[in-house]
Amino acid sequence: MAKYDYDLFVIGAGSGGVRAARIAALAGAKVMVAEEHRVGGTCVIRGCVPKKLMVYASEFSHSFETARGFGWTVENPRFDWSAFLREKDKEIARLSGVYVRNLENAGAELVHGKARLIDAHTVEVEGHGRATAGKILIATGGRPWMPKELPGVMHAISSNEAFHLTELPKRIVIAGGGYIAVEFACIFNGLGVETHLVHRGANILRGFDDDIRTHVTEEMGRRGVRVILSTQHTAIEKTDTGLMSRFTTGHFCESDVVMFALGREPYTEDLGLAAAGVKLDERGAVVVDEYSRSSVENIWAVGDVTDRINLTPVAIREGHAFADTEFNAKPTSFDHEMVASGVFSQPPVGTVGLSEADARHKYGKVDIYLTRFRPMKTAFAGEDERCLMKLVVEAEGQKVVGCHIVGPDSAEMIQMAAIALKMGVTKQQWDSTCAVHPTLAEELVTMHQKHVPQGLGQAA
Ligand SMILES: Cc1cc2nc3c(=O)[nH]c(=O)nc-3n(C[C@H](O)[C@H](O)[C@H](O)COP(=O)(O)OP(=O)(O)OC[C@H]3O[C@@H](n4cnc5c(N)ncnc54)[C@H](O)[C@@H]3O)c2cc1C
């Protein structure tokens, strides 16, 4: 008789949990997955996918403007928020169903309810009792962090609720400077909402290359987002006509909706991890080694709950690597170097590798190649929008260690650039690649002149 009810118990059916469960089940393991909300997790239900659909919806307003420059007459286009939400929810339900079927087809069992550890081998699922497992995977993701002490915080929403607003607001204040805040500011602005983005730092998109941060701020401003830096909320008050945000600078601003996108925290509360002896860091993330194994020998954790790189493809690869290691006899650790990512702002950002500042810190001497230009399409339509492309090259070995783009399709371009950077491409090899014409991307392979920051002379 088997020692445990299951070979693997996965807590959380999001990106990382579903991939791990599927691969383990396909390898012949007896797998149970517990999900307290909807299968698909943050990415499918309240993250990447619905967000990208909202980005698409919001981009049309700018496309209509550009179309005019090409001779089109675009008369009185209107947007129906309710109709969009209905279709969006249908698509999310379809995708969640695909995830459920994938689990079932692989032979994994699924139980709906909140799960918590009783000890290192026992999991209790609310309303379903207890089960034992030889191995346990924590894949519970993260959740929005809210400033609980702020007066009036109960009037504010997080990104979770932004996907289900019953009405499209006329005015919104979004607090935060990370990619989620920036993306939502562009979404609401594109949908015609008066949008204020308020951030306590001196610039948005901390962690990104400084030229990218400044460029995105300028371009967002050009499109109509009011970006207010170096301030934060002191209170939110309900008024007869909306919500009054009060700020540290003494300024105030009334809006219909206040959204906080101030960061996310690993979702480890009430999971019983202490009972099982699983070590957490100071942010509440599960501490793991390169194989995603926790401080307890038979418990692993993948995805946002480990707070390494909080992106869907990373959670998927960590989950896959865990399952290959433990159930396919293929020891695999995911390499967190050179992970590319996109910010679906308007215009969007694609980035991979080191920022200029990080590269200078790591290598000392770096060569910078940078170009700013007006894309043919919008320039023709009389718009002033600018693209930015930047390569960071470590001076000694001439390896390209960073590539950063702001402009149309940059998130698509960066996927390809990431292959080259991951392979250790040198600037000479990069330049030997012939351009595709006429494209924006060709500018990437035609940057031959080193960039000298204003005010600095060229070294002799
Ligand atoms: C607004 C937004 C936009 C984003 N956009 C992007 C993007 O464009 N690109 C990108 O790569 N990433 C994006 N992300 C991040 C991405 O969604 C996450 O990195 C990814 O979903 C993490 O996967 P995960 O498996 O770790 O966790 P999740 O997908 O969060 O899954 C965790 C699951 O565990 C369940 N759960 C939690 N606790 C329990 C419990 N005790 N019992 C049972 N079930 C439990 C949860 O309900 C959830 O379904 C975005 C995130 C947000 C919030």
Side-chain angles (χ1 to χ4, degrees), residues 9-21 32-55 92 95-96 99-100 110-117 123-128 136-145 157-163 174 176 178-185 187 259-273 284-286 288 292 300-320 322 339-345 348-351 411 414-415:
F9 198 113
V10 179
I11 305 181
S15 308
V18 167
R19 175 59 68 92
M32 170 64 92
V33 185
E35 171 54 53
E36 70 172 1
H37 185 51
R38 288 174 72 188
V39 174
T42 304
C43 172
V44 176
I45 309 297
R46 45 187 129 74
C48 331
V49 175
K51 182 241 359 233
K52 191 77 188 280
L53 294 175
M54 285 173 84
V55 170
I92 300 310
L95 288 173
S96 181
Y99 271 66
V100 171
L110 178 64
V111 60
H112 284 278
K114 184 172 175 65
R116 54 190 278 273
L117 295 181
V123 183
E124 185 174 74
V125 182
E126 231 168 50
H128 294 274
I136 292 172
L137 180 68
I138 313 291
T140 51
R143 58 184 174 172
W145 180 85
I157 62 164
S158 71
S159 59
N160 288 350
E161 292 76 38
F163 294 114
I174 299 178
Y179 79 93
I180 294 176
V182 166
E183 289 175 340
F184 273 97
I187 287 169
M259 172 178 163
F260 282 137
L262 297 171
R264 293 175 59 81
E265 57 187 2
Y267 189 15
T268 46
E269 200 181 77
D270 298 333
L271 255 181
L273 294 177
V286 180
V288 290
S292 298
W300 287 257
V302 294
D304 286 9
V305 76
T306 62
D307 201 19
R308 286 176 280 183
I309 298 178
N310 299 331
L311 293 171
T312 290
V314 175
I316 290 172
R317 293 292 289 267
E318 289 169 357
H320 202 129
F322 153 76
V339 172
S341 69
V343 177
F344 298 95
S345 44
V349 177
T351 182
I414 209 68
Q415 182 69 82

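Counting starts at 1 for both ligands and their atoms, following the listed order. Keep in mind it's a predicted model, so treat the numbers as computed, not measured.
- H37 NE2 to N160 CG: the interatomic distance, rounded to the nearest 0.5 Å, is 7.5 Å.
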Q: With side-chain contact (heavy atoms from CB on, under 4.5 Å) as the test, would you mind laying out the steps for L117 and L271 before giving the verdict?
A: CA-CA 6 Å; L117 295 181; L271 255 181; 5.8 Å; no
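- Relative ring orientation between F184 and F163 is described as perpendicular, the plane-to-plane angle rising above 60° on a 0-90° scale split at 30° and 60°.
- Summarising the geometry of A301 relative to T306, their closest heavy-atom pair is O-CG2, 3.4 Å, with the distance given to 0.1 Å.
- Checking S341, A115, S15 against atom 42 (N) of ligand 1, the nearest heavy atom belongs to A115.
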Q: Mind running side-chain contact (heavy atoms from CB on, under 4.5 Å) on V49 and L95 for me, showing each step along the way?
A: CA-CA 9 Å; V49 175; L95 288 173; 3.6 Å; yes
Q: Carefully, step by step, assess R38 and V44 under the rule side-chain contact (heavy atoms from CB on, under 4.5 Å).
A: CA-CA 9 Å; R38 288 174 72 188; V44 176; over 6 Å; no
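- For atom 19 (O) of ligand 1, the closest non-hydrogen atom on the protein side is D304 OD1, 2.9 Å.
- For atom 9 (N) of ligand 1, the closest heavy atom belonging to the protein is C48 SG, 3.7 Å.
- Remark: the E36 side chain and the Y267 side chain contain an N/O donor-acceptor pair separated by less than 3.5 Å.
- Here R308 pairs with E318 under the salt bridge (Lys or Arg N to Asp or Glu O under 4.0 Å) rule; sequence neighbours left out.
- Near P313, the atoms of ligand 1 lying under 4.0 angstrom from a non-hydrogen atom of the residue are 11 (O).
- Residue E183 places no N or O, backbone or side chain, under 3.5 Å from any N or O of ligand 1.
- The G303 neighbourhood of ligand 1 comprises atoms 26 (O), with distances under 4.0 Å to a heavy atom of that residue.
- The backbone and the side chain of T42 each have at least one atom closer than 4.0 Å to an atom of ligand 1 (non-hydrogen atoms only).
- Those atoms of ligand 1 with a heavy atom of L271 less than 4.0 angstrom away are 41 (N).
- In R317, the CZ atom is not crowded: 12 or fewer heavy atoms of neighbouring residues, nucleotides or ligands sit closer than 6.0 Å.
- If you look at C43 next to ligand 1, the close heavy atoms, those under 4.0 Å, come from the backbone and the side chain alike.
- When each atom of ligand 1 is checked for a heavy atom of G16 under 4.0 Å away, the hits are 25 (O).
- For ligand 1, the atoms lying closer than 4.0 Å to a non-hydrogen atom of A34 are 43 (C), 44 (N).
- Not a single heavy atom of P144 lies less than 4.0 angstrom from ligand 1.
- The side-chain contact (heavy atoms from CB on, under 4.5 Å) test with I11 singles out one residue from V125, V33, I138, L137, and that residue is I138.
- If you number the atoms of ligand 1 from 1 as listed, the ones under 4.0 Å from a heavy atom of L311 come out as 10 (C), 11 (O), 12 (N), 19 (O).
- Near K114, meaning under 4.0 Å from one of its heavy atoms, ligand 1 places the atoms 41 (N), 42 (N).
- Of the heavy atoms in I11, only side-chain atoms (C-beta onward) come closer than 4.0 Å to ligand 1.
- When heavy-atom distances to ligand 1 are checked against a 4.0 Å cut-off, K51 comes that close only through its side chain, counted from C-beta outward.
- G113 and A34 get closest at one heavy-atom pair: O-CB, 4.2 Å.
- Separation of atoms NE2 (H320) and OG (S15) is listed at 14.5 Å; rounding is to 0.5 Å.
- In terms of protein heavy-atom proximity, atom 27 (O) of ligand 1 is closest to G141 CA, 3.2 Å.
- Interface atoms of ligand 1 facing G41, defined by a heavy-atom separation under 4.0 Å, are 29 (O), 31 (O), 48 (C), 49 (O).
- Nearest protein heavy-atom contact of atom 20 (C) of ligand 1 is T312 OG1, 3.6 Å.
- The nearest heavy-atom contact from the protein to atom 14 (N) of ligand 1 is Y179 OH, 3.1 Å.
- Regarding atom 33 (C) of ligand 1, its nearest protein heavy-atom neighbour is E35 OE1, 3.6 Å.
- The single protein non-hydrogen atom nearest to atom 52 (C) of ligand 1 is I180 CD1, 3.6 Å, given as residue, atom name and distance.
- The protein atom (non-hydrogen) at minimum distance from atom 53 (C) of ligand 1 is R264 NH1, 3.2 Å.
- The residue R116 has no part lying near ligand 1, judged by heavy-atom distances below 4.0 Å.
- The salt bridge (Lys or Arg N to Asp or Glu O under 4.0 Å) check on E161 picks up nothing, with sequence neighbours excluded.
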Q) Yes or no on side-chain contact (heavy atoms from CB on, under 4.5 Å) for R19 and V302, after CA distance, side-chain angles and deciding distance? A) CA-CA 10 Å; R19 175 59 68 92; V302 294; over 6 Å; no
